[in-house]
**Student:** 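The structure follows.
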Amino acid sequence: MPTLGHTEMKRANVASEPTWLEIAVEVAAIDTDVAADILRQACPGGVAIQSASRYELDSDSYVADGDALALVCGYLPAGQDSERLRRSLRLAMRAAPLEHPPRWRRVRRLREESWSDSWKKHFGVQRHGRALVVKPSWTRYRLKGGDIVIEIDPGMAFGTGQHPTTAMCLRALEEQLLKGADVLDLGCGSGILAIAAAKLGATHVLALDLDPNAVRATRENAAANGVADLVGVREGTLEGGGGPFDVIVANISGLTLERLAADLARSLGPGGSLITSGFLDDAVVGLSNALEGTGLTIVKVIDDGVWRAIIART
Amino acid sequence: MAKKIRAIIKLQLQAGQATPAPPVGPALGQHGANIMAFCKEYNERTARAAGSIIPVEITVFEDRSFTFTLKTPPASDLIRKALGIEKGSPAQKREKVGTLSRAQVKQIAEAKMKDLNANDIDAAMRMVEGTARSMGVEIG
């Protein structure tokens with residue numbers, strides 16, 4: 001059975017008219033795993049299972065209703081050989097040892113906006129630290145004295161300011177002396193941190209990300225914020241080091257930060273600061289050890305909910 | 001009364017690779033849950049299991065906040081890994097793709113026990129055997 005690679009699905013997702021086909025089948029709860037397994041072969045991005053839930057008085061909680069039907073949904077980029085794939089899915093399902101016959105739903109065509117818009121409704125103006133104000137590009141805001149406004153259209157990239165890790169990095173950036181600084185934003189996402197650094201006085205910011213969506217979003221957001229000449233954006237990472245930078249901010253993942261610890265330390269100039277986030281409590285010890293192992297000094301560990309950030313210095 | 005639930009969503013995703021594309025986007029977006037925040041936390045929590053399917057059960061509350069719990073990989077994924085095969089047989093009755101030993105069945109059943117609707121290890125083993133047969137895998 002032909003399958004789609006993850007990268008191909010992502011590419012299809014950024015095409016000019018991104019549409020997806022939702023293939024959904026209703027099965028008995030007991031058949032959910034088998035049906036999900038068959039759909040997953042054709043939809044390697046994953047499958048969604050919607051089960052009915054019921055309130056259970058004894059445990060005072062909602063639990064999945066094992067007697068009800070479950071809806072298993074897979075998604076294919078439109079334009080792929082979807083008709084042939086759907087036929088093979090039906091054949092595979094017919095041959096599978098299901099307890100009850102499956103019921104296929106009509107195929108739905110989805111546009112990306114149909115879900116991204118519903119989420120946007122919940123993204124509003126936020127204040128971070130003393131002066132930073134993050135606002136979505138589609139919202140009006142009346143400026144107050146001293147406000148530094150960052151306008152963000154996150155697109156499909158991470159970084160709206162709403163996530164605790166982004167919020168901690170914004171506050172930490174505000175506490176740094178950024179006037180005239182050379183800054184690196186590693187894993188720039190929407191570009192929110194790179195733009196904040198530029199607006200806080202950095203003379204040059206390099207923004208790196210492996211995701212082309214993020215690179216595009218950062219370019220667009222930097223231009224919309226009038227700092228395109230200060231923010232250089234590149235697709236890539238820090239393997240081997242770079243710089244030297246006065247400040248590096250990296251809101252990525254604990255494992256990646258641990259792996260890049262030596263490169264990060266090597267890329268900091270004398271007296272330089274490193275702001276890291278994107279990890280949970282269980283990564284703090286490992287990452288602290290890795291950073292200290294490179295000769296950096298941990299200045300503080302800060303927390304916001306379950307998330308942590310580590311600030312270190314040369 | 002428990003916090004009011006808007007939806008319970010189960011997703012089967014590649015560990016460390018959740019993106020706002022389907023199935024995550026439509027599943028969470030229709031309930032107004034923060035898609036990016038979910039992707040970030042799922043990827044962080046599953047980064048060490050790269051290469052596996054890690055199912056996740058997401059509970060979205062009426063205020064659009066959500067929690068999620070990670071589950072063990074599907075039995076079929078564990079069977080494929082145990083046998084070192086990429087996928088099951090397209091014609092499971094005629095064409096067998098491997099043989100799973102009783103010990104391997106027990107090992108997988110033990111790993112899956114907490115997520116299966118099985119009362120004891122024997123019932124869990126029968127479920128694993130059923131999945132194996134549906135993939136064209138024999139039990140030795």
**Student:** Test A/H163 against B/K40 for side-chain contact (heavy atoms from CB on, under 4.5 Å), laying out the working first.
**Tutor:** CA-CA 9 Å; A/H163 197 268; B/K40 177 103 173 163; 4.1 Å; yes

**Student:** Check each atom of A/L91 against the heavy atoms of chain B and say whether the ones under 4.5 Å are side chain, backbone, both or neither.
**Tutor:**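 Neither part; nothing is under 4.5 Å.
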
**Student:** I need the B/N43 CG to A/L255 CG distance, nearest 0.5 Å.
**Tutor:**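 Separation between the atoms: 11.5 Å.
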
**Student:** Determine the minimum heavy-atom distance between A/G45 and B/L13, stating which atoms define it.
**Tutor:**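 Between these two residues, the closest heavy atoms are O-CD2, 3.7 Å.
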
**Student:** Count the heavy atoms belonging to other residues, nucleotides or ligands that lie under 6.0 Å from CD of B/Q107, then report whether that count exceeds 12.
**Tutor:**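 For B/Q107, atom CD is not crowded (no more than 12 foreign heavy atoms under 6.0 Å).
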
**Student:** According to salt bridge (Lys or Arg N to Asp or Glu O under 4.0 Å), who are the partners of B/R126, at least two apart in sequence or on a separate chain?
**Tutor:**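 Result, salt bridge (Lys or Arg N to Asp or Glu O under 4.0 Å) vs B/R126: none returned.
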
**Student:** Of all the heavy-atom pairs spanning A/S253 and B/E44, show the shortest one and how long it is.
**Tutor:**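 For A/S253 versus B/E44, the nearest heavy atoms are CB-OE1, 2.9 Å.
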
**Student:** Can you tell me how far CG of A/D33 sits from NZ of B/K112, rounded to the nearest 0.5 angstrom?
**Tutor:**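 Output value for this atom pair is 6.0 Å.
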
**Student:** Please round to the nearest 0.5 Å and tell me the distance separating atom CZ of A/R40 and atom CD of B/Q14.
**Tutor:**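 So the gap between those two atoms works out to 8.5 Å.
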
**Student:** How long is the straight-line distance from CG of A/L71 back to NZ of B/K10, given to the nearest 0.5 Å?
**Tutor:**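 Here the interatomic distance stands at 12.0 Å.
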
**Student:** Please classify the contact of B/Q12 with chain A as side chain, backbone, both or neither, using a heavy-atom distance under 4.5 Å.
**Tutor:**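 Backbone plus side chain of B/Q12, per the 4.5 Å heavy-atom cut-off to chain A.
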
**Student:** Out of curiosity, B/L11 CG to A/I49 CD1, how far, rounded to the nearest 0.5 Å?
**Tutor:**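 Interatomic distance, B/L11 CG to A/I49 CD1, rounded to 0.5 Å: 8.0 Å.
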
**Student:** For chain A, which residues from residues 70-77 of chain B have at least one heavy atom closer than 4.5 Å to it?
**Tutor:**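 Within residues 70-77 of chain B, the residues that come under 4.5 Å of chain A (heavy atoms only) are B/P74, B/S76.
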
**Student:** Salt bridge or not for B/R48 and A/D282, using N-O below 4.0 Å?
**Tutor:**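 Here B/R48 does not pair with A/D282 in a salt bridge, since their nearest N and O are not under 4.0 Å apart.
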
